[in-house]
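Small disclaimer: the values here were computed from a predicted structure and weren't measured. The sequence lines fix the lettering, A, B, ..., with proteins before strands; numbering per chain opens at 1.
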Number of protein chains: 2
Amino acid sequence: MPRKARLNERAIAEAALAVLDAEGIEALTMRHLAEKLSTSAMALYNHFPDKDAVLEAVAQLLLAEIEAPPPGIGWQETARRIMRSARTVTLRHPHAAPLIARFPPRTPDALAFVEAGFRSFRAAGFDPHSTARAYRALVAYSLGTLEVELGAYFAAHPAAQAPAGSLDQPSVGRLLPTVDEVGPELAASDPQAEFEFGLNVLITGLEALLPHR
Amino acid sequence: MPRKARLNERAIAEAALAVLDAEGIEALTMRHLAEKLSTSAMALYNHFPDKDAVLEAVAQLLLAEIEAPPPGIGWQETARRIMRSARTVTLRHPHAAPLIARFPPRTPDALAFVEAGFRSFRAAGFDPHSTARAYRALVAYSLGTLEVELGAYFAAHPAAQAPAGSLDQPSVGRLLPTVDEVGPELAASDPQAEFEFGLNVLITGLEALLPHR
DNA sequence: ACCTGAACACCGTTCAAGT
DNA sequence: ACCTGAACACCGTTCAAGT
């Protein structure tokens with residue numbers, strides 16, 4: 001907690017991330033954030049045009065935490081490491097993580113993993129168009145996983161819960177028998193294993209983008 | 001616009017969807033929604049416990065719009081049709097669509113496409129566990145695509161924009177040459193074609209879950 | 001250039017009161 | 001059981017004023 005230090009963008013963004021980690025998104029108000037920085041809410045507006053800009057800066061901090069793999073390990077391993085690192089970062093900051101879906105990497109530090117990934121794909125023989133395609137598919141899967149996992153999508157999914165068993169209306173089992181049958185598997189799934197499965201499917205499928213040898 | 005009709009959950013949810021479609025998420029306040037229904041904001045609380053419950057109901061309306069394919073067309077075609085229908089629904093309701101990432105299908109109408117999908121997978125030889133795996137991977141890709149496409153993720157991506165060309169700091173091209181090279185491909189991409197590409201990759205990869213013949 | 005505190009224009013929701 | 005209007009406890013942000 002920098003009390004005497006002069007206010008700046010980084011200090012504000014780091015304090016915002018600390019608030020998110022400790023108290024969640026609802027606690028992140030301009031007034032509360034200012035309080036944590038021992039200043040007034042309006043002082044923050046000397047450094048950011050509005051609250052959304054603060055959230056964008058937090059997203060950049062998160063994206064900068066994603067590790068850029070070293071060169072020379074092959075495009076598959078590079079993609080795997082980046083995807084796993086991204087997932088680890090989101091699990092480390094569950095309240096802040098949804099922000100990376102709204103704000104793509106912009107700062108050099110946040111773009112480091114993108115540069116490493118693109119470079120690895122280009123070196124492996126993917127042309128720029130195929131590299132962009134692969135990146136988009138991986139981003140979509142990564143952001144979707146984030147929502148499913150952090151949003152507890154399947155925990156809230158009725159198909160993942162035991163039938164209600166009410167007497168005065170048809171049970172899920174009678175009306176939607178296959179939902180009833182498969183549902184328990186959704187609830188029992190291991191997030192890490194499921195993530196790796198989808199990742200494997202994608203990486204295997206991306207090989208089709210390489211020029212035929 | 002039902003003026004005289006008695007207030008009920010469906011009428012409120014449909015009015016909320018209409019507000020979202022016409023004016024966007026920021027216009028969806030309890031006061032404004034009540035105004036559209038010619039009632040008071042507090043009257044809505046006789047039908048929903050809070051605003052989040054209204055949003056959940058809107059999500060169920062959207063999910064019910066996803067078409068359940070007929071049986072007998074094979075699991076690949078079933079998956080393709082459901083995924084395409086889901087994307088079409090999100091493009092039809094761009095302001096409401098993000099809600100389906102927060103609220104999974106719950107009503108029988110909203111679960112219809114899930115039942116049809118599960119049934120098709122089970123009939124093709126996927127066991128319940130593999131069916132759940134396949135569903136999760138498809139949901140993650142679908143929700144991720146929604147965010148990328150509706151959130152204009154790559155339009156905001158600096159890698160997708162021309163270098164700023166400022167003189168007093170290293171350009172993106174010098175610091176992140178591969179981001180600079182691949183970026184324009186991200187901006188130029190055709191959303192429909194990109195979606196179909198990722199969908200093909202996933203469906204091809206899911207075949208590995210079938211028991212070996 | 002940076003900071004402050006009051007004020008504005010809203011929110012979702014609670015409450016007391018009606019029919 | 002359903003609806004109303006006032007009020008409460010907040011928001012993000014504008015503004016006028018300070019250093």
**Student:** Determine yes or no for a side-chain-to-main-chain donor-acceptor pair under 3.5 angstrom, with B:Asp50 supplying the side chain and B:Ala53 the backbone.
**Tutor:**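 Confirmed, B:Asp50 side chain pairs with B:Ala53 backbone.
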
**Student:** I need the CG-P distance between A:Leu33 and D:dT13, as an integer number of Å.
**Tutor:**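 Checked: the CG to P distance equals 12 Å.
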
**Student:** Hey, is B:Arg31 close enough to B:Glu35 for a salt bridge, meaning N to O under 4.0 Å?
**Tutor:**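 Looking at B:Glu35 together with B:Arg31, the answer is no, because their closest N to O distance does not fall below 4.0 Å.
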
**Student:** Can you pull out the residues from residues 22-32 of chain B that lie within a 4.0 Å heavy-atom distance of DNA chain C?
**Tutor:**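 Here the set is B:Leu28, B:Thr29, B:Met30, B:Arg31.
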
**Student:** Please evaluate residues A:Glu9 and A:His47 with respect to the criterion side chain to side chain donor-acceptor pair (under 3.5 Å), reporting the C-alpha separation (whole Å), side-chain torsions for both, the decisive distance (0.1 Å), and the verdict.
**Tutor:** CA-CA 6 Å; A:Glu9 287 188 33; A:His47 304 274; over 6 Å; no

**Student:** A:Phe195 ring centre to A:Arg87 NZ or CZ under 6.0 Å, with the angle to the axis within 45°?
**Tutor:**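 Yes, A:Arg87 and A:Phe195 form such a contact.
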
**Student:** Could you give the distance separating C:dA16 and D:dC3 at their C1' atoms, to the nearest angstrom?
**Tutor:**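 To the nearest whole Å, 13 Å.
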
**Student:** Could you check which residues of residues 42-58 of chain A get a heavy atom under 4.0 Å from DNA chain D? Sort them by number, please.
**Tutor:**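 Within this stretch, A:Met42, A:Tyr45, A:Asp50, A:Lys51 sit under 4.0 Å of the strand.
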
**Student:** I'd like to check A:Glu67 versus A:Arg81 (side-chain heavy atoms, cut-off strictly below 4.5 Å). Are they in contact?
**Tutor:**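 When only atoms from C-beta onward are counted, A:Arg81 and A:Glu67 do not touch, as no gap falls below 4.5 Å.
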
**Student:** In sequence, state the C-alpha distance, the side-chain angles, and the governing distance for A:Thr78 and A:Phe118, and then conclude on side-chain contact (heavy atoms from CB on, under 4.5 Å).
**Tutor:** CA-CA 10 Å; A:Thr78 301; A:Phe118 282 1; over 6 Å; no

**Student:** Measure CD/B:Glu35 against C1'/D:dG5 and give the value in whole Å, please.
**Tutor:**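 So the two atoms are 15 Å apart, to the nearest Å.
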
**Student:** Under 6.0 Å between the ring centres of A:Tyr135 and A:Phe126?
**Tutor:**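 Here the rings of A:Phe126 and A:Tyr135 have centres that are no less than 6.0 Å from each other.
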
**Student:** Tell me, with the steps shown, if A:Leu206 and A:Leu138 meet side-chain contact (heavy atoms from CB on, under 4.5 Å).
**Tutor:** CA-CA 10 Å; A:Leu206 293 181; A:Leu138 290 167; 4.2 Å; yes

**Student:** Distance between the P atoms of C:dA17 and D:dC2, in whole angstroms?
**Tutor:**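 Their P atoms lie roughly 22 Å apart.
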
**Student:** Given a 3.5 Å cut-off on both pairing distances, which stems involving DNA chain D, each at least three consecutive Watson-Crick or G-U pairs, are present, if any?
**Tutor:**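 The stems that DNA chain D takes part in, listed by first number, are C:4-8 with D:12-16, C:12-16 with D:4-8.
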
**Student:** For the residue pair B:Phe121 and B:Leu209, establish whether any side-chain heavy-atom pair is separated by less than 4.5 Å.
**Tutor:**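 B:Phe121 does not reach B:Leu209 side chain to side chain.
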
**Student:** So that I can tick it off, tell me whether A:Glu196 and A:Arg80 are bridged by a salt bridge, with the cut-off set at under 4.0 angstrom between side-chain N and carboxylate O.
**Tutor:**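 The answer is no: the pair does not qualify as a salt bridge.
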
